[in-house]
Amino acid sequence: MRGDGTLFVREDAVEAAWAIVDPILANEAAPHPYEPGSLGPAQADRLALDVGGWHNPEENKESSPDDPKAA
């Protein structure tokens, strides 16, 4: 390891990474609770409004003969 700079991140890269991560870690907003197995909290719906909302691939799923759950 001695003398091989490729094994280490440069200081400016570390500082740039912390400039992104630090504000996120400082955010003390409480998480929104939701039921396990659900698509998440209702507040998350606003994230997908402009693309027509969330799509659950499990809904209207047709069984195929190759599907082991179909047997």
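The salt bridge (Lys or Arg N to Asp or Glu O under 4.0 Å) analysis of residues 6-25, with sequence neighbours excluded, yields the pairs Arg10-Asp12.
In the hydrophobic clustering, where aliphatic and aromatic side chains (Ile, Leu, Val, Met, Phe, Trp, Tyr) are joined below 4.5 Å either directly or transitively, Ile24 stands alone. Membership of the apolar cluster around Val21 extends to Val9, Val14, Trp18, Leu25, as traced through chained side-chain contacts below 4.5 Å between ILVMFWY residues.
Nearest heavy atom pair, residue Pro33 against residue Pro41, reads O-CB, 3.9 Å.
Enclosure of atom CD in Glu35 is not indicated, since only 12 or fewer non-hydrogen atoms of other residues, nucleotides or ligands lie within 6.0 angstrom.
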